[in-house]
Engineer: 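Below you will find the structure I want to go over with you.
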Amino acid sequence: MSRYLVGRLIQTLVVLLLLSMATYGLLGLMPGDPVDLMAGADPDITPADIARLKALYGLDRPIWERYLTWLSAALQGDFGYSRLYAQPVLDIVAHRLPTTILLIGLSLVAALSVAVPAAIVAARNPGGWVDRTINLLCFAGVSVPPFWLALLLIILFAVVLGWLPAGGMSTASGEGGVLDRARHLILPVLTLSAATVAAYTRHLRSALIEVLGEDFIRTARAKGVSEHRVMTRHALRNALLPVVTLVGLDLGSLVSGALITETMFSQLGMGKTIYDAVMGNDYNLALVGLLTAATATLIGNLAADIAYARLDPRIVYRAEPGS
Amino acid sequence: MRRLFRDPAALAALLVLSVLSLTAVCAPLIEAAMGMDADAVDLFNRLSPPSPAHPLGTDKLGRDLMLRLLEGGRVSLAVGLSAALVASAIGTLIGLASGYVGGRLDAILMRIADGVIALPLLPLLIVLAAIDLSKLGLPPDVAQSETTSLVRLVILVSLVGWPVTARLVRASTLSLRKREFVEAARTLGYTPWRIALRHVLPNAMAPILVAATLSVGNVVLFESVLSFLGLGIRPPTPSWGNMLTGAQELIWEAPRLAIWPGLLIFATVVSVNLLGDALRDALDPKTVRR
């Protein structure tokens, strides 16, 4: 197990390194460079000045050389300054990451607390009208464009009913405390969890139906165990296993969803930060933002793998041959 | 196929898709018949409510909403279908190679596929959509042209779609390569490529068809998100995604503008997904009708 873990950790680090290389290269291909942006703001600048500035910032050197410079600084904890916010990149990330973690965490909790009962009800009578309705709702959930769902929720709850705020983190007066923050989180969490609820329900339903057909379920029923107990103690515990993997694998799409949700509802989290940084040519911030998102996702995948092995004693991981 | 037509959900989905594609194809004819242009700006008629002249009203520049929806459908569906085709082709090739050759190649290709599925794709796609193609050596006029941005979008969105197809094709290739007729072809001394393309591929068509159908839904969603964020199809060319871009600021004055384009994206994606699911049931003799 520990050898497997070390192998996976090394693998994750290698993927991150490759990703940082690729992202750095791609960001170098974005329109303009920092000096072009400075030059655009100053009409008196001469081509000689531009050349001098580029040499000063090292922009005249080849991209791989610049990447190595960035990497060695980054490994010492220096990720540079953000162009948009004139602050160290790490400060911005440290400030904004909690918002995204809260948003994704709440969405996961919401998704699971809807998906588990829904899947149980659906699996109790496959093919019945309840099952078919839930199935259709799941199709709707995975097919709805998230930004349109956000617009619909804003129209319904903010414009027509006036119950909830249309965006922002808290009321402008700042006097609201936790309840006010919670009111601002309801619509974003609903938006972000829609697709996740649908995916979890579908997987859990089919896993439940499969488990319910197994011999040990028949044995339990024959022994006179109540249907409720069969479902929760025997079937659900086994059917939740594939969902654990799904939660880990799905983190990437949740991070993608957080980008849309945060942008739509003006939540100052990592998603909005990445989008603003890319749109505003803030290379340092965009690079670190993207790598943070990727790291979180990779850690999620790894955690799901480990949890999977912990929960199911039948699974034994071995280090892959040759690694 | 007969099983497919007995499924009411699949029939409804087929109907919706045919109506949407028919109106998209006929968009220029409808424009001509109504004597209007989807790009015609009329600033005296901004945000006007539905009327006989404008059945769905006008947008913030006074353009007819219905005509823009039709034109946008042309663009969105064309991008969706071509990207799904490209993605399925890439996925099929990779799946075939991975399943038939196996070994190290299989391990590497499937790791990449897993990585693409697991990574947060949208942030990466945003960077890819923002890169300046003239820095890659394309002449500026080509890099800025509308065709290039369409092609770029198709390529970007295909990057999302291929892994699912690849996994499915790999799975059926793995089971097919052990079958007698493939063994026979191998004994006859055919090259691996010929066996893979002529003997394995035709027998794996069913899962490919299902995966391709399902990927259309995914691809249309990603296109709309990118266009909505201002990185896909750029105005004045309408697409269902970019028609929603300004809708949030106008949501208090004209919520109707936020409803229609999204409803069409939703209808398309739901129909494609339902159809793909019904196809899977119909093509797989092992599934028992629920």
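Reminder, nothing fancy here: chain letters follow the sequence lines and each chain counts from 1.
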Engineer: Would you mind writing out the side-chain donor-acceptor pairs for residues 263-274 of chain B within the sub-3.5 Å range, not counting sequence neighbours?
Structural biologist:
residue	atom	partner	partner atom	Å
B:Thr268	OG1	B:Leu264	O	2.7
B:Ser271	OG	B:Ala267	O	2.6
B:Asn273	ND2	A:Ser143	OG	2.9

Engineer: Let's test your reading of the structure: which of A:Ala22, A:Ala293, A:Ala140 forms the most heavy-atom pairs below 4.5 Å with chain B?
Structural biologist: A:Ala140

Engineer: Contact part of A:Val142 toward chain B, heavy-atom cut-off under 4.5 Å: side chain, backbone, both or neither?
Structural biologist: both

Engineer: Between chain B and each of A:Leu151, A:Val15, A:Ile260, count heavy-atom pairs under 4.5 Å; write down the option with the most.
Structural biologist: A:Leu151

Engineer: Out of curiosity, A:Met264 CE to B:Leu229 CG, how far, rounded to the nearest 0.5 Å?
Structural biologist: 9.0 Å

Engineer: Ignoring hydrogens and geometry, is there a side-chain-to-backbone donor-acceptor pair from A:Trp148 to B:Gly241 under 3.5 Å?
Structural biologist: no

Engineer: If I measure from the heavy atoms of chain B, does A:Leu259 come under 4.5 Å with its side chain, its backbone, both, or neither?
Structural biologist: side chain

Engineer: As an exercise, state the distance from OG1 of A:Thr263 to CZ of B:Phe228, rounded to the nearest 0.5 Å.
Structural biologist: 8.0 Å

Engineer: For the residue pair A:Ser256 and B:Pro123, what are the closest heavy atoms and their distance?
Structural biologist: OG-CD, 3.8 Å

Engineer: Any non-hydrogen side-chain atom of A:Ile274 less than 4.5 Å from a side-chain atom of B:Ile126?
Structural biologist: no

Engineer: As an exercise, state the distance from CG of B:Leu124 to CG of A:Leu19, rounded to the nearest 0.5 Å.
Structural biologist: 6.0 Å

Engineer: Any chance you could lay out the side chain to side chain contact (heavy atoms under 4.5 Å, CB included) test for B:Ser224 and A:Phe147, step after step, and finish with the verdict?
Structural biologist: CA-CA 9 Å; B:Ser224 72; A:Phe147 56 99; 3.5 Å; yes

Engineer: Quick one: pull up CG in B:Leu231 and CE in A:Met279 and give me the separation to the nearest 0.5 Å.
Structural biologist: 4.5 Å

Engineer: What residue in B:Pro261, B:Gly217, B:Gly262 has the most heavy-atom pairs under 4.5 Å with chain A?
Structural biologist: B:Gly262

Engineer: What part of A:Leu254 is in contact with chain B, defined as an atom under 4.5 angstrom from a non-hydrogen atom: side chain, backbone, both or neither?
Structural biologist: neither

Engineer: Sequence neighbours excluded, which residues qualify as salt bridge (Lys or Arg N to Asp or Glu O under 4.0 Å) partners of A:Arg66?
Structural biologist: none

Engineer: Find the one option among A:Leu149, A:Asn301, A:Ile155 whose heavy-atom pairs under 4.5 Å with chain B are most numerous.
Structural biologist: A:Ile155

Engineer: Relative to chain B, which segment of A:Leu152 carries a heavy atom at a distance below 4.5 Å: side chain, backbone, both, or neither?
Structural biologist: side chain

Engineer: Between B:Leu128 and chain A, with a heavy-atom cut-off of 4.5 Å, which part of the residue counts as in contact: side chain, backbone, both or neither?
Structural biologist: side chain

Engineer: Which one, A:Val255, A:Val278, A:Thr23, leads in non-hydrogen pairs under 4.5 Å with chain B?
Structural biologist: A:Val278

